[in-house]
Chemist: 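My structure is below; once you've seen it, I'll send some questions.
Because the structure is a prediction, the values reported are computed rather than measured. Note that these values count all heavy atoms, side chains included, but never hydrogens, waters or copies made by symmetry. Chain letters run A, B, ... following the sequence lines, proteins first, then strands; residues in each count from 1.
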Amino acid sequence: CNSSMTPFSPSKVKKEEGGWEEEKYEDGIKWKFLEHKGPYFPPEYQTLPDDVKFYYNGKPVKLSLPAEEVALFFAQMMDHEYTTKEVFRNNFFRDWRKEMTLEERQLIMDLNKCDFGELHAMHKQKVEARKNLSKEEKLVNKEANQKIVDEYGYCVLDHHRERIGNFKIEPPGLFRGRGDHPKQGMLKKRIQPEDAIINCSKDSRIPEPPAGHRWKEVRHDNTVTWLASWTENVQGSCKYVMLNANSKLKGEKDWEKYEVARKLKTCVDAIRAQYQEDLKSKQMGTRQRAVALYFIDKLALRAGNEKEEGETADTVGCCSLRVEHITLHDTLDGQKCVVEFDFLGKDCIRYYNKVPVFKNLKLFMENKQGGDDLFDRLNTQLLNKHLSSLMPGLTAKVFRTYNASITLQQQLKELRNMKENVAEKLLSYNRANRAVAILCNHQRAPPKTFEQSMANLQAKIDSRKEQLDLAKKELKQAKKEAKGSSDNKLLIVVEKKKKAVQRCEEQLLKMEVQATDREENKQIALSTSKLNYLDPRISVAWCKNMEVQLDKIYNKTLRDKFAWAIDMTEHDFVF
DNA sequence: TAGAGAACTTAGAAGCGTCACA
DNA sequence: TGTGACGCTTCTAAGTTCTCTA
């Protein structure tokens with residue numbers, strides 16, 4: 001496993017066709033020329049109309065502009081459950097008071113005495129009005145937005161005009177963390193040009209800051225890919241303006257990611273054998289590392305970095321698992337030595353699973369409390385250091401990419417059936433995709449309208465079945481009438497009825513397949529794995545082999561993002 | 001060499017536009 | 001022609017890994 005990765009790139013593969021003509025730069029250099037217009041700032045706050053009032057303790061209060069703006073942030077969210085949560089309300093109130101004048105602060109002491117009703121109503125009215133705009137008005141808005149995209153949404157990087165992913169500065173508002181986030185409700189402040197750092201090349205046209213403003217800094221760092229950055233006040237972290245996923249820079253990076261995962265394929269057996277061996281090591285640290293690696297490989301757990309307590313919601317990954325997140329069962333559901341996982345992972349998505357496992361875990365849990373680390377001799381740095389010694393470029397997350405892609409490939413192979421029609425082939429593809437999504441624990445909230453829309457679909461299926469019965473009867477009748485007759489008209493009728501039956505059957509099958517697909521997909525999100533984990537070349541090759549059009553599985557965004565794969569993949573591609 | 005911070009990827013939710021169907 | 005469901009796009013939070021610094 002120790003040979004370094006072959007330094008080839010899609011550029012070299014497609015060189016002669018002019019698709020990706022440039023060579024890569026020396027280590028660390030991302031571009032030689034970068035020009036853009038700077039980020040786009042959200043519009044300034046406009047004060048409330050006179051007839052929309054905020055009330056405190058039943059009395060109207062005219063708020064100062066900064067306090068009024070923040071009050072409106074809260075009012076806009078009042079339909080959301082967030083605003084009922086104590087942590088959210090407390091954080092909001094504390095930050096709101098900071099925006100008030102001394103006088104306001106002395107008056108407004110209790111959030112429960114605040115009445116945002118008119119602000120809330122105004123907001124709802126605005127949303128409604130926007131929805132009810134005429135076609136022409138909507139078109140005017142659309143054109144205005146397009147103008148902004150045309151002006152700010154692109155940059156020139158080396159010889160390419162590239163789309164920027166997020167050229168808009170995030171507007172101010174109330175912070176919405178996921179799950180039980182201790183900072184939910186805090187004020188996310190308005191970003192000014194004075195907060196923004198611009199990155200571009202020296203010889204480019206430097207972007208102009210908005211009138212009356214200046215940039216925090218203009219730098220020319222071609223070892224990074226961002227065009228602008230600022231520090232966000234809630235968590236103190238950096239935010240970046242970066243290129244769109246369809247850019248050359250991002251595409252090459254994506255391709256490299258899958259090449260590293262493919263490389264793992266060549267040495268995964270050895271790595272597995274090694275960690276199986278390490279399970280018996282005399283060194284506790286080595287044993288813990290082996291178990292963690294087993295979880296990462298078999299269960300596709302994330303690495304699990306340490307997190308600062310109280311700064312974010314309490315979520316964990318593999319290395320940060322605590323004793324309280326697992327339960328050991330001598331027997332469970334007829335299986336021996338079962339470990340039951342139950343914890344919140346990234347984005348507070350619950351991970352629940354039961355897996356047969358070995359005795360080591362019992363050992364790791366000895367003399368520990370629920371809140372203690374399961375792997376007290378291990379962290380992600382140690383783990384990744386070990387992994388990179390086994391294969392250059394190998395880190396914990398590569399296992400997710402590898403296992404996701406290899407699973408898709410295997411599933412597609414298993415489900416392959418050329419006799420199926422397109423709808424059935426697509427159901428098979430989605431099922432393969434679903435196996436990956438389940439492995440990676442990609443969940444979604446079931447759509448609010450799920451039950452209703454399933455019922456609607458079922459009703460349609462039922463009615464189509466009735467139609468089919470009727471069509472079959474009519475066909476039978478027509479055949480009867482045409483039997484022994486040489487009347488051309490009657491034969492035409494039979495043909496027509498045959499076609500009607502066939503059409504009905506096709507439509508019914510399509511709907512039934514759709515219902516199955518939708519039901520199986522209720523709580524599973526396929527998009528995340530498709531976008532981030534599945535080597536697109538597997539899907540492109542599958543389409544070619546199965547004679548399915550690529551746009552059946554990839555929308556425009558995906559086709560753009562994976563242009564490199566579409567360009568280079570033949571039907572015989574193997575991950 | 002560890003810790004902090006920077007840089008970049010991965011993630012689900014919400015918003016929005018489109019299209020099928022009554 | 002209106003409406004609702006659905007899929008696509010946007011948004012930004014939340015991860016991982018890399019890199020710098022003391």
Side-chain angles (χ1 to χ4, degrees), chain A residues 28 30 42 77 79-80 82 127 130-131 135 138-139 141-142 145 149 153 165-171 173 175-179 181 183-184 188 197 199 221 223-226 229 231-232 234-240 242-245 249-250 253-254 257 302-308 311-313 315-320 344-349 379-385 387-388 393-398 400-401 404 437 440-445 447-450 452-454 456-457 460 463 514 518 521 523-533 554-560:
Chain A
K30 307 286 168 48
M77 289 179 77
D79 283 334
H80 204 287
Y82 273 118
V127 170
R130 207 181 314 143
K131 235 179 359 194
K135 236 183 184 175
K138 278 186 182 167
L139 188 67
N141 283 348
K142 200 176 168 184
N145 282 332
V149 174
N166 58 325
F167 60 90
K168 287 179 179 168
I169 293 275
E170 293 173 18
F175 177 76
R176 310 174 176 215
R178 305 258 164 91
H181 200 295
K183 297 193 171 184
Q184 60 181 296
K188 216 175 95 166
I197 302 172
N199 193 31
D221 181 357
T223 66
V224 295
T225 64
W226 54 268
S229 74
T231 304
E232 156 275 342
V234 175
Q235 323 235 45
S237 63
C238 231
K239 298 265 184 169
Y240 301 93
M242 285 189 187
L243 294 181
N244 189 282
L249 213 56
K250 293 271 187 190
K253 203 72 196 297
D254 211 31
K257 174 181 81 182
R302 294 187 185 82
N305 284 302
E306 286 166 80
K307 296 171 77 181
E308 218 176 315
E311 291 294 300
T312 59
T315 61
V316 295
C318 185
C319 293
S320 50
L344 296 181
K346 183 177 180 182
D347 292 313
C348 287
I349 298 295
N379 58 37
T380 53
Q381 297 93 297
L382 282 172
L383 181 69
N384 279 338
K385 208 176 153 193
L387 290 175
S388 72
L394 185 61
T395 62
K397 87 185 182 103
V398 178
R400 264 167 90 81
T401 313
C440 294
N441 200 36
H442 290 143
Q443 298 187 26
R444 60 168 187 168
K448 284 175 197 119
T449 53
F450 185 82
Q452 187 55 53
S453 87
M454 277 311 278
N456 291 351
L457 186 57
K460 271 203 228 167
S463 116
Q514 194 185 11
R518 222 190 273 176
N521 239 14
Q523 296 194 69
I524 296 164
L526 300 186
S527 53
T528 307
S529 47
K530 220 184 225 186
L531 198 63
N532 299 302
Y533 288 104
Y554 281 171
N555 63 33
K556 176 89 167 60
T557 310
L558 288 165
R559 293 198 301 277
D560 278 352

Chemist: Regarding A:Lys385, tell me which of base, sugar-phosphate or nothing describes its non-hydrogen contacts under 4.0 Å with the strands shown.
Modeler: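 Nothing: the residue A:Lys385, judged by heavy atoms under 4.0 Å, touches no strand.
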Chemist: Between A:Lys257 and A:Asn532 (side chain of the first, backbone of the second, donor and acceptor by atom type, cut-off under 3.5 Å), is there such a pair?
Modeler: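 Here the side-chain-to-backbone pair exists.
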Chemist: A:His181 side chain N/O closer than 4.0 Å to the phosphate oxygens (OP1, OP2) of C:dA14?
Modeler: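 Answer is yes, contact under 4.0 Å.
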Chemist: Please produce a list of atom pairs where a protein N or O lies less than 3.5 Å from an N or O of nucleotides 18-22 of chain C.
Modeler:
none

Chemist: Which part of the nucleic acid, if any, lies within reach of A:Asp347 when heavy atoms closer than 4.0 Å are counted: base, sugar-phosphate only, or nothing?
Modeler: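 It contacts sugar-phosphate atoms only.
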Chemist: Ignoring hydrogens and angles, tell me if any N or O in the side chain of A:Tyr240 forms a donor-acceptor pair with the backbone of A:Asn166 under 3.5 Å.
Modeler: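 Checking the backbone N and O of A:Asn166 against the side chain of A:Tyr240, no donor-acceptor pair under 3.5 Å is found.
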Chemist: How is A:Ala396 classified with respect to the nucleic acid when contacts are heavy atoms under 4.0 Å: base, sugar-phosphate, or nothing?
Modeler: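 If one applies the 4.0 Å heavy-atom cut-off, A:Ala396 turns out to touch the sugar-phosphate alone, with no base involved.
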Chemist: Between A:Lys346 (side chain) and A:Gly317 (backbone), is there a donor-acceptor pair under 3.5 Å?
Modeler: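 Not at all, since once roles are kept as given, no pair shorter than 3.5 Å links the two residues.
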Chemist: Quick one: on DNA chain C, does A:Glu232 or A:Tyr554 contact a more 5' nucleotide (nearest heavy atom)?
Modeler: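 Final value for this comparison: A:Tyr554.
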Chemist: Mark yes or no for whether A:Lys183, through its side chain, and A:Phe175, through its backbone, hold a donor-acceptor pair below 3.5 Å.
Modeler: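 The answer is no, because no donor-acceptor pair under 3.5 Å joins these two groups.
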Chemist: B:dA14 phosphate, OP1 or OP2: any side-chain N/O from A:Arg444 under 4.0 angstrom?
Modeler: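 Result: no.
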Chemist: What is the per-nucleotide protein-contact pattern of nucleotides 16-22 of chain B, from the 5' end, where B denotes a base atom under 4.0 Å from a protein heavy atom, S denotes such proximity for sugar-phosphate atoms only, and - denotes neither?
Modeler: S-S--S-
Chemist: Just to be sure I understand the rule, does A:Arg302 reach a base, reach only the sugar-phosphate, or reach nothing, if contact means heavy atoms closer than 4.0 Å?
Modeler: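 Sugar-phosphate contact only - A:Arg302 comes under 4.0 Å of backbone atoms but never of a base.
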Chemist: Please determine if a side-chain N or O atom of A:Gln235 lies less than 4.0 Å away from the OP1 or OP2 oxygen of C:dA13.
Modeler: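 Result: no.
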Chemist: How long is the line joining CG of A:Leu531 and P of C:dC11, in whole Å?
Modeler: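 Distance, rounded to whole Å: 16 Å.
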Chemist: Can any side-chain N or O of A:Lys30 pair as donor or acceptor with the backbone N or O of A:Thr223 at less than 3.5 Å?
Modeler: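 Yes, the answer is positive, given that a donor and an acceptor are paired below the 3.5 Å cut-off.
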Chemist: Does the protein touch nucleotides 3-9 of chain B at the base, only the backbone, or not at all? Give it as B, S and - per nucleotide, heavy atoms under 4.0 Å.
Modeler: ---SBBS
Chemist: Round to a whole Å and report the spacing from CG of A:Asp560 to P of C:dC8.
Modeler: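 One finds 13 Å between P of C:dC8 and CG of A:Asp560, rounded.
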Chemist: What does A:Gly345 touch in the nucleic acid at a heavy-atom separation under 4.0 angstrom: a base, only the sugar-phosphate, or nothing?
Modeler: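 Sugar-phosphate only.
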Chemist: Can you tell me the distance, in whole Å, between the NE2 atom of A:His442 and the P atom of B:dT10?
Modeler: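 The distance from NE2 of A:His442 to P of B:dT10 comes to 9 Å, rounded to the nearest Å.
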Chemist: Whether A:His80 contacts B:dA13 is assessed here as follows: a side-chain N or O lying under 4.0 Å from the phosphate OP1 or OP2. Is that the case?
Modeler: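 Checking B:dA13 against A:His80, no side-chain N or O comes under 4.0 Å of OP1 or OP2.
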Chemist: A:Lys556 or A:Arg178: which one's nearest nucleotide on DNA chain C is closer to the 5' end?
Modeler: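 Taking each residue's closest nucleotide, the earlier one in sequence belongs to A:Lys556.
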Chemist: For the side chain of A:Asp347 and the backbone of A:Ile349, is there at least one donor-acceptor N/O pair under 3.5 Å apart?
Modeler: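 A pair under 3.5 Å: no.
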Chemist: Without decimals, in angstroms, what is the distance between A:Glu311 CD and C:dA13 C1'?
Modeler: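 In whole Å, C:dA13 C1' lies 15 Å from A:Glu311 CD.
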Chemist: Rounded to the nearest angstrom, tell me the gap between atom CG in A:Leu383 and atom P in C:dT16.
Modeler: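 Roughly 11 Å, once rounded to whole Å.
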Chemist: Is the shortest side-chain N/O distance from A:Asn555 to OP1 or OP2 of C:dC8 below 4.0 Å?
Modeler: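 The answer is yes; a side-chain N or O of A:Asn555 sits under 4.0 Å from OP1 or OP2.
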Chemist: For C:dG15 and A:Asn305 - does any side-chain N or O of the residue sit under 4.0 Å from the phosphate oxygens OP1/OP2?
Modeler: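 No, because none of the side-chain N or O atoms of A:Asn305 sits under 4.0 Å from OP1 or OP2 of C:dG15.
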Chemist: Taking the side chain as everything from C-beta on, heavy atoms only, tell me whether A:Ile169 gets closer than 4.5 Å to A:Pro42.
Modeler: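 A side-chain contact exists here, since the closest heavy-atom pair is under 4.5 Å.
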Chemist: Would you say a side-chain N or O of A:Thr312 is under 4.0 Å from OP1 or OP2 of C:dA13?
Modeler: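 No.
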Chemist: Is A:Lys183 near enough to C:dA13 that one of its side-chain N or O atoms lies under 4.0 angstrom from OP1 or OP2?
Modeler: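 Answer no for this pair, as no side-chain N or O of A:Lys183 is under 4.0 Å from OP1 or OP2.
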Chemist: Between A:Lys307 and C:dG15, is there a side-chain N or O to OP1/OP2 distance below 4.0 Å?
Modeler: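 Yes, A:Lys307 has a side-chain N/O under 4.0 Å of OP1/OP2 on C:dG15.
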